S.K.: 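This is the structure I want to talk about, given as structure tokens.
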Amino acid sequence: MSKPTLAVWKFASCDGCQLTLLDCEDELLSLAEEVTIAHFLEASSAVQPGPYDVSLVEGSVTTAGDAERIRQVREQSRMLVTIGACATAGGIQALRNFGDVAEFASVVYASPAYIDTLATSTPISAHVPVDFELRGCPIDRRQLLEVLGAFLAGRKPDLPNHSVCFECKRRGTPCVTVTRGEPCLGPVTHAGCGALCPAYRRGCFGCFGPMAGPNAPALVAKLRELGVPDRDVRRVFRTFNAAAPDFAAAAELGEGDR
């Protein structure tokens, strides 16, 4: 029997999640024995035509061309997995969603008339059905290997839905909010990074997006208790996953400039 085919696609993004696949190193060699990497321009210009058994999609939809291309990718893919904050929530470029993109273009570009872009940056799931979402900025290579291994084994990926706080407890990392008064999104952020930032005594930035059923209002109340001004409450939620519904709603809880 022929090996399953894997395709990797890039939309509006920094390429970091694709590089995570290349960073698998020894595991990538083992993966290549089990699948045919048919389309992965970050690694090779050699391309095999679809259809593909599984497509990994990095990046958000920010142009009309992106919107058309993702529909074509979906048509060619038996399973479509979005990887990273850009593909799952619009990415940090979704900050444009809260402002005037024409104004931004006029400030950034010398000839904004040549810029062809949408007013918003949206996740892949806003345009086509998605079979699985893998969070992170960038994604965690262990989770990526778990997803691909689960696909090969014909089972559901075994990934956590709990918060970063669980990872801190497993590492024995003291809570930076309790011990240092540091604002931290760990209580509402999806696990997967291994609680990297708190391990270095920094608050979580929410790279992996909202956990399942986050209690964002309680965290906002705690941030205010720490003396964080409302404008900074909005800012702390408007980073890597600014347009994720739970984080966007939490950002709107800030009123005024206390």
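Atoms considered below: every heavy atom in the structure, side chains included; atoms not considered: hydrogens, waters and symmetry mates. Just so it is clear, the structure is predicted and the values come from calculations on it, not from any experiment.
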S.K.: Any heavy-atom pair between the side chains of Leu253 and Val233 that's under 4.5 Å?
M.R.: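 A side-chain contact is absent here, since even the closest heavy-atom pair is not under 4.5 Å.
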S.K.: Between Glu68 and Arg71, does at least one N-O distance fall below 4.0 Å, as a salt bridge requires?
M.R.: yes
S.K.: Checking the side chain of Thr177 only, and the main-chain atoms of Glu182 only, is there a donor and an acceptor separated by less than 3.5 Å?
M.R.: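 Side chain of Thr177 to backbone of Glu182, a donor-acceptor pair under 3.5 Å: yes, one is there.
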S.K.: Do Asp140 and Arg135 meet the salt-bridge criterion of a basic N to acidic O distance under 4.0 Å?
M.R.: no
S.K.: Taking the side chain as every heavy atom from C-beta outward, state whether Phe240 and Leu185 have any atom pair closer than 4.5 Å.
M.R.: no
S.K.: Applying side chain to side chain contact (heavy atoms under 4.5 Å, CB included), name anything that partners Ala32, two or more places apart in sequence or on another chain.
M.R.: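 Counting only residues at least two positions away or on another chain, Ala32 forms no side chain to side chain contact (heavy atoms under 4.5 Å, CB included).
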S.K.: Determine whether more than 12 heavy atoms belonging to other residues, nucleotides or ligands lie under 6.0 Å from atom CZ of Arg171.
M.R.: yes
S.K.: Give me the atom names and distance for the closest heavy-atom approach of Ala85 to Asn241.
M.R.: CB-OD1, 3.6 Å
S.K.: Locate the shortest heavy-atom distance separating Ile139 from Gly84; write the atom from each residue and the value.
M.R.: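 Nearest heavy atoms, Ile139 then Gly84: CG2-N, 3.3 Å.
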S.K.: Phe11: which residues meet the ring pair (Phe, Tyr, Trp, His ring centres under 6.0 Å) condition with it, sequence neighbours left out?
M.R.: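 Phe11: no ring pair (Phe, Tyr, Trp, His ring centres under 6.0 Å) contacts found.
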S.K.: Using the side chain to side chain contact (heavy atoms under 4.5 Å, CB included) criterion, which residues pair with Ala105? Sequence neighbours excluded.
M.R.: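 Result, side chain to side chain contact (heavy atoms under 4.5 Å, CB included) vs Ala105: Tyr109, Pro112.
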S.K.: Nearest 0.5 angstrom please: Leu22 CG to Leu19 CG, how far?
M.R.: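 CG of Leu19 is found 6.0 Å from CG of Leu22.
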S.K.: Parallel, tilted or perpendicular: which one describes the rings of Trp9 and Tyr52, with boundaries at 30° and 60°?
M.R.: perpendicular
S.K.: Working note: Glu146 + Arg155, criterion salt bridge (Lys or Arg N to Asp or Glu O under 4.0 Å); need CA distance, chi angles, decisive distance, verdict.
M.R.: CA-CA 10 Å; Glu146 165 61 20; Arg155 61 173 175 82; 2.7 Å; yes
S.K.: Would you say that Leu21 contacts Leu31 through its side chain, given a criterion of any heavy-atom pair below 4.5 Å between the two side chains?
M.R.: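 A side-chain contact exists here, since the closest heavy-atom pair is under 4.5 Å.
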S.K.: If the condition is side chain to side chain contact (heavy atoms under 4.5 Å, CB included), which residues does Ile37 pass it with, not counting sequence neighbours?
M.R.: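 Result, side chain to side chain contact (heavy atoms under 4.5 Å, CB included) vs Ile37: Leu6, Leu28, Val35, Phe40.
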S.K.: May I ask you to test the Val128-Val73 pair for a side-chain heavy-atom distance under 4.5 Å?
M.R.: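 The answer is no, as the side chains (C-beta and beyond) never meet within the 4.5 Å cut-off.
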S.K.: Could you walk me through whether Arg170 and Glu167 pass the salt bridge (Lys or Arg N to Asp or Glu O under 4.0 Å) check?
M.R.: CA-CA 5 Å; Arg170 287 172 177 167; Glu167 297 186 315; 5.9 Å; no
S.K.: Pairs in or reaching into residues 163-197: which pass ring-ring contact (aromatic ring centres under 6.0 Å, His included), with residues at least two apart or in two chains?
M.R.: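 Every pair satisfying ring-ring contact (aromatic ring centres under 6.0 Å, His included) with a residue in residues 163-197: His162-Phe166.
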S.K.: Closer than 3.5 angstrom, by distance alone: can the side chain of Gln93 be matched with the main-chain N or O of Ala12 as a donor-acceptor pair?
M.R.: yes
S.K.: Indicate if Val188 and Phe205 have the same hydrophobic cluster label, given that clusters are the connected sets of ILVMFWY residues with side-chain heavy-atom separations under 4.5 angstrom.
M.R.: no
S.K.: Identify, with sequence neighbours excluded, every residue that meets salt bridge (Lys or Arg N to Asp or Glu O under 4.0 Å) alongside Asp23.
M.R.: none
S.K.: When you compare the side chains of Arg96 and Thr62, does any donor N or O come within less than 3.5 Å of an acceptor on the partner?
M.R.: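 Per modelled atom types, Arg96 and Thr62 side chains form no pair under 3.5 Å.
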